[in-house]
Amino acid sequence: MAEKFIIAGRSEDENQRAVEHSFNINRAILNTLYDAVVMTDLKGRIQSINPAFEKMFGYTEKDLIGKSITKLMPPEVAHHHSDYMQKYADGKTSGSIMGNLRSLQAVRADGTRFTIQIAVTETTVGSERLLVAAVQDITASNEDRLNLKRFQKTLDCTLDCVFMFDAQTLQFFYVNQGAISQLGYTQSELLKLHPYDVKPLFSEPEFRQMIQPLISGEVNRLNFQTTHRHKDGHDLPVDISLQYVELDGEPSRFIAIVRDISEQKRHQEEIEHLAYYDPLTNLPNRSLIRSRLESCLRNSAETQAFSAVMLTDLDDFKTINDTLGHHDGDELLIEISSRFSNVLSDHHSISRLGGDEFLVVINTAHKEYNTALEKVIETAKKLLTAVSQPTVTLGNSRSISTSIGVVLFNDDSICASDLMRMADIAMYDAKRKGKNKFSLFDDVMQQELVNEQHLATDLNTALENGNEILPWFQPKVNLDGNTIGFEALARWNHPQQGLLSPASFIELAEKKHLMEKLSDQILIKSCQQMSDWRKKLDIDDWSVSVNISQSQLCLSTFPNKVKQTLKETGLRASALMLEVTESVLAENIDLSIQQMKRLRAMGVRFSLDDFGTGYSSLSYIRQLPIDEMKIDKSFVTTLLSDNESRSIVRVILLLADVLKLNVVAEGIENEEQWQSLKKLGCREFQGYLFSPPKPPEELLEQLIKQKKD
């Protein structure tokens, strides 16, 4: 590339050696540069490259000498650059490319593309104008910038807010778009603030104290919930994860990831409301009122001031549900609950326990019994008056009343559940006295409660032993008075109290959740007794009726339990009649029918007891897979004196005839009742006229005699 020229005082050979020496020095310098260097003519033909350039592009100098620089560019760039170089060589371009840093796409020998930054300088060697370009691979730098942009974009798109603040000054130096949106400030406004400026619950000293464990390394991360204040002044709950970061060569900093948990808090409050408040009336439910009652007990124990618990139950509410429907029943409950709330101050608590039962906790703040009692009675009377006023739901033509049980206490010697039970006893005492009254729990009721608790313990023991509660049997007879079957009725041979009828313990068994166990024992013993009689007396057409409870019928295992009982006792399924009441079936009509069908498929029959005293309707009766209806004793007792009862019995018999059901009249006590029922068309009977319930050993002689006759 060097031209021959003569320097004064030197020979031509000396000059040649000097030029070559200078060229070699320059070449050596180029070869040691880290930057890639290429030299071209004005049209872009490559004249020389250094090793760094060879390494960058993957070509040798021999591969590129004389080739156009566009060989190293992608097609879309090469075409534009070729035209530009031609115009530059011809002096037809405006401006200069000299000294400008430009970035563009380049292509390596293996075809891969990468980004370069190029600085071009024009120089003259002899008379030849050349271009020298220094080239840097900036792909990594571009990727870093792209990654930074992507990272910032990601941070701006995330639902969380990101704050970075200096560890010394605590001033924000970075906030993402989420933080700006969450707090309502502009970016420039936020960058002038500190974390404690947006946290109304913290001062700067408190905040510095809080983050000290992070700085000292005691913890790696702080997670906590707090409140941030929006620019407009409203507060929002947030969840924060805070970390302390130390980077080489940079100031220490904190990074806070902040999430708005307003929606989460709202859902949590809704869940808590559902857990502690009645959805119909929006009053506290059983769980919450129990907690408040326990708190009241503790307060009374500390202050010795009297408090009271009241249990109120609307009188004859079931009739309203049955006649008007559950929708109107619900509307009435809402109306009454609102009246109760208006009577009671914020100092007292009221809850809907379920159905039409409400529990009230009264705080009197009086330590003298009579004064406290006077205040409680005054409140009870106001509640009675509030209920008795005309209602929107029922109108002026119909009113409703309630009965209230009251218990006073001034210590915590009695637990909350016992207080509620005592109030329940007092409430039923008010109902027995004529309803629309309140009754105060007294010593007599206390003794009754103690007796009941003792009896419950004895009942549980009796069921464990299995030999105190046994079935007695009352015969069913035909038109001639001959026995055709029996109803099994439970009797309890109590060790101290003697023989107890079902009225003494059935309700207690239901309250104490012992009914299922009691009914199961009566069922298996009754089936065993009937199986023994049928074998001993060689009688195939007798059956035994056994009453079953709702808790039994709705158990998925009950049909299999009956099947196993029949197998163990050897009794044919057709000899077992299960008696159910309308109230039992109405509690869950669909499930009851499903269970009854499973049992009927085995051959077991069903009798509907107390027909006409409850929910009775034709559509309802037609759904039931029953074989028999029993005319309730209440109609039989008034049959001779009440035309309405006589008409009801006649309708029951006609209905049974249409549905092809057997009918048994129960509770017959005299000849006149029996003869009257015969004339109306009844064919099967049960009552004291024929025989009271008796133990099986007493009945055996009577049955043997009947067999001989």
Side-chain angles (χ1 to χ4, degrees), residues 1-3 19-153 248-249:
M1 290 185 295
E3 295 185 5
V19 169
E20 288 178 357
H21 180 68
S22 177
F23 174 82
N24 290 333
I25 291 174
N26 289 333
R27 185 73 184 188
I29 293 172
L30 286 175
N31 289 345
T32 59
L33 288 177
Y34 286 107
D35 287 343
V37 178
V38 59
M39 185 181 296
T40 72
D41 61 18
L42 295 187
K43 292 185 178 182
R45 289 188 295 266
I46 297 173
Q47 304 295 306
S48 176
I49 62 173
N50 71 343
F53 194 92
E54 289 180 328
K55 184 178 180 180
M56 180 182 292
F57 282 88
Y59 291 103
T60 65
E61 187 174 38
K62 182 180 178 181
D63 295 330
L64 296 178
I65 295 297
K67 302 293 193 306
S68 174
I69 193 69
T70 57
K71 178 181 177 67
L72 306 176
M73 303 176 185
E76 66 273 15
V77 177
H79 175 71
H80 171 76
H81 190 80
S82 180
D83 290 345
Y84 182 84
M85 293 299 292
Q86 184 62 51
K87 291 178 181 178
Y88 184 81
D90 296 340
K92 297 179 179 180
T93 59
S94 58
S96 172
I97 62 171
M98 299 304 104
N100 292 332
L101 286 174
R102 291 189 300 154
S103 61
L104 50 84
Q105 287 285 296
V107 182
R108 293 188 177 94
D110 62 7
T112 58
R113 295 190 179 197
F114 65 112
T115 305
I116 61 173
Q117 182 173 269
I118 184 169
V120 181
T121 302
E122 184 178 333
T123 186
T124 302
V125 178
S127 61
E128 186 178 5
R129 295 169 63 195
L130 298 173
L131 297 176
V132 180
V135 182
Q136 286 184 322
D137 182 352
I138 61 170
T139 305
S141 298
N142 271 5
E143 283 297 317
D144 288 343
R145 283 193 291 272
L146 285 172
N147 286 338
L148 180 59
K149 287 181 180 179
R150 293 189 191 106
F151 179 66
Q152 289 176 332
K153 186 68 174 177
D248 291 340

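A quick note: this is a predicted structure, and the numbers were derived from the prediction, not measured.
The CD1 atom of Ile116 sits 10.5 Å away from atom CD of Gln136, with the distance rounded to the nearest 0.5 Å. Rounded to the nearest 0.5 Å, atoms CD1 (Ile49) and NZ (Lys62) are 13.0 Å apart. A distance of 8.0 Å separates CG of Leu131 from CZ of Arg129, quoted to the nearest 0.5 Å. Once rounded to the nearest 0.5 Å, the distance linking NZ of Lys67 with CD1 of Ile65 reads 9.0 Å. Of the inter-residue distances, the one linking Gln47 atom CD with Thr40 atom OG1 reads 7.5 Å to the nearest 0.5 angstrom.
Looking at every heavy atom in both residues, Gly58 comes nearest to Ala109 through O-CB, 3.5 Å. When all heavy atoms of Met56 and Ala36 are compared, the closest pair comes out as CE-CB, 3.7 Å. The two atoms that bring Leu130 and Asp41 nearest to each other are CD2-CA, 4.1 Å, heavy atoms only. Across all their heavy atoms, Ala133 and Ile118 have their closest contact at CB-CD1, 3.6 Å.
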**Prompt:** Can you list the steps and then say if Phe114 with Gln105 is a side chain to side chain contact (heavy atoms under 4.5 Å, CB included)?
**Reply:** CA-CA 6 Å; Phe114 65 112; Gln105 287 285 296; over 6 Å; no

**Request:** Walk me through it: do Val37 and Val132 pass the test side chain to side chain contact (heavy atoms under 4.5 Å, CB included)?
**Result:** CA-CA 7 Å; Val37 178; Val132 180; 3.8 Å; yes

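You'll find the side chain of Gln117 stays beyond 4.5 Å of the side chain of Val135, heavy atoms only. Side-chain contact between Thr115 and Leu104 is absent, with no heavy atoms from C-beta onward closer than 4.5 Å. Under the 4.5 Å side-chain criterion, counting only non-hydrogen atoms from C-beta, Leu72 is in contact with Tyr59. Here the side chains of Glu61 and Glu54 are in contact, with some heavy-atom distance below 4.5 Å.
Residues forming a ring-ring contact (aromatic ring centres under 6.0 Å, His included) with Phe53 (at least two apart in sequence, or on another chain): Phe57.
Ion pairing between a basic and an acidic side chain is recognised when a charged N comes within 4.0 Å of a carboxylate O; Arg108 and Asp137 show such pairing.
No donor-acceptor pair under 3.5 Å is formed between the side chain of Thr70 and the backbone N or O of Met73.
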